[in-house]
Amino acid sequence: MSFEVDRIRSNFPALALSDEGQSRVYLDNPAGTQVTQGVIDRMADYLCRDNANCGGAFRTAKQTDEILARAHLEMAGFIGAASPREIIMGPNMTSLTFSLSRALGRRFSPGDELIVTRLDHDANVRPWIRLAEDCGATVRWLDFNPSDCRLCLDALPQLLNERTRVVAMGLASNLVGTINPIAEIAPMVHEAGALLFVDAVHYAPHGPIDVATLGADFLVCSPYKFFGPHMGVLWGREDLLASLEAYRVLPAGDCLPGKFETGTQSHEAQAGLLGTLDYLEWLGREFDRGTGTTRSENYRRAMTLIRDYEQGLSRGLLDGLSEIERVRIWGVQDLERLEERVPTVSFSVDGLSPRRVSEALARANIFVWEGHSYAVEVVERLGLADRGGVVRVGAVHYNTTAEIEKTIREIARIIDRS
Ligand SMILES: Cc1ncc(COP(=O)(O)O)c(C=O)c1O
C-alpha cells in the first residue's frame, strides 16, 4: 500500500485549520511539529482521570506509574534500546544534555579533550564548551564544507587522540538538513577511547533510529519534534548510565532511569508520547503490510516509509528553489544524494533579508522560520551571521507536494515583486 498523505493528515487536527479562508501550510516543523488527536486525547485523559504523583498506594498514583513505565518501554522500542532503564525522560534535550555532560565531566581532568562540530545546534555545543571551561578540558572543532554543508570527516582522525573523552555530533543538521554517517564515525571514536554523544533531535521525525546498530553511547531526541508533546528523551548504554554519578536528590535513589530523572516529570507529556507512538505504530502497520507483527517492527516500518516519502519533498524543494533567480540554497543539493539529507532546506535571497521573506510567506499563511535557529556556528561559518541567517523551509511527512509547490510559487512571487 502506498503512503496516503490525506489519511495521514486526517490524524492531525491542526492541519485542517485555515485563517480568513487561507489554509495553513506548516513548514516550521523543525522548531516543533503538530500533534495527532490521539496525543491530545491521551494528555486530556491523563489530566482528567489519572493526575497524581507517582509511587502512591491509591488508584491515580498507580495509573500514573503504569503510564510512565509504558512510556519508557515504548520509547525503548521506538529507538531500539535494550531496556526501558536506558530511557531517561526530561523537560527537553537541552536540559538533559547539560545534566548528562555534568555527570560525565566528574571524570574529566585538565588536559582532556572534547570534540564538537560547527554543523550542530548550540544545544549540542554549548554544554560541552561550558563543561570544558569548568574542568580545564580543551575543545576541538570539526568543521564542515560550506559548499555542501557536509562534515569534513577526513579531519576527524587528526582531532581524535588518547585524551579525547567525548565527541558530540548531530545525526542531522536542523539548519541545512545534512545527515551525518554516525555508524561510520562511531568505530573511529571508540578506537580513540572516546564516547559518542549523538543529537538526534532533528533526525527523529525523518527516519528510523536503531541505537543497537548506530554505535553511539548516548542519544538525545525531543518528542515535540516528532509529533508529540514538549519533552526530551535521553538514551544511554545501560552500563554507562549505571556507572555515572547523577546530580540527584537523595530520595531519587541510585537506580535507572530514576536517578537521572530529576524532580517531577511532565506525566501528561509522557501520556501524550504514548499517543504519538500509537500513531507511528499504526502508520507502519497500515501502510506497509509485511509479515512483522511487533510494535518495534511497525515503528521501524513507519519511519522507513516516512523517510522514503520525504525524499520526494526534498526533491520538490530543491528542484523548485534552484529555478528561482537570486536564491542560493545551502546544503546537499545533488538530487542523486537525497539520502544524505532530510527535507529541511535553507536558502538566502540576494537583496532580500530572511525576515522579509518569512513575513511575506506568513501573509500567505505559509509558516517558515528564518534566522539561525540556534545553529549559530553554521550561520557564522556560512558568513550569514550579520545578514539575518537563512530562510528555513522544514517539511515533514504530513506535508504534501501541493504545499511544496505552493510555497515555491509564493517564494518566486515575493522575489519577483521585490
Ligand atoms: C538539532 C537540535 N538539537 C537540539 C535542540 C534543542 O532541543 P530542546 O528544545 O528539546 O532542548 C533542537 C531544537 O530546535 C534541535 O533542532
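Both counts, for ligands and for their atoms, begin at 1 and track the order of listing.
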**Report entry** Lys225 to ligand 1, any heavy atom closer than 4.0 Å
**Finding:** yes
Report summary line: Closest non-hydrogen atoms of Met75 and Leu277, given as atom of the first, atom of the second and distance, are N-CD1, 3.8 Å
Query raised in the report: In ligand 1, which numbered atoms sit nearer than 4.0 Å to a non-hydrogen atom of Ser222?
Result: 7 (O), 8 (P), 10 (O)
Requested in this report: Provide the closest heavy-atom pair for Glu310 versus Pro205 in the form atom of the first, atom of the second, distance.
Outcome: OE2-O, 3.8 Å
Query raised in the report: Can you find a non-hydrogen atom of Asp199 under 4.0 Å from ligand 1?
Result: yes
Query raised in the report: Any N or O on Met93 sitting closer than 3.5 Å to an N or O of ligand 1?
Result: yes
**Report entry** Matching residue for Phe12 among Ile40, Leu17, Val35, Thr36 - test: side-chain contact (heavy atoms from CB on, under 4.5 Å)
**Finding:** Thr36
**Report entry** Smallest separation among heavy atoms of His230 and Ala269, with atom names
**Finding:** O-CB, 4.0 Å
Query raised in the report: Mind checking whether Phe226 and Phe78 have ring centres under 6.0 Å apart?
Result: yes
Requested in this report: Run through Val368, Leu317, Val332, Val176 and flag the one making a side-chain contact (heavy atoms from CB on, under 4.5 Å) with Val345.
Outcome: Leu317
Query raised in the report: Hey, is ligand 1 close enough to His202 that some N/O pair sits below 3.5 Å?
Result: no
Query raised in the report: Can you tell me the protein heavy atom closest to atom 15 (C) of ligand 1 and the distance?
Result: His121 CD2, 3.1 Å
Query - Full working for side chain to side chain contact (heavy atoms under 4.5 Å, CB included) between Arg9 and Thr400 - result: CA-CA 9 Å; Arg9 287 174 69 84; Thr400 64; 3.8 Å; yes
Report task. List every atom of ligand 1 that sits less than 4.0 Å from any heavy atom of Asn174, numbering the atoms from 1 in the order shown and giving each element. Result -> 1 (C), 16 (O)
Report task. Could you list which atoms of ligand 1 come closer than 4.0 Å to a heavy atom of Tyr224? Result -> 7 (O), 8 (P), 9 (O), 10 (O), 13 (C)
**Report entry** ligand 1 to Thr94 polar contact by distance, N or O atoms, under 3.5 Å
**Finding:** yes
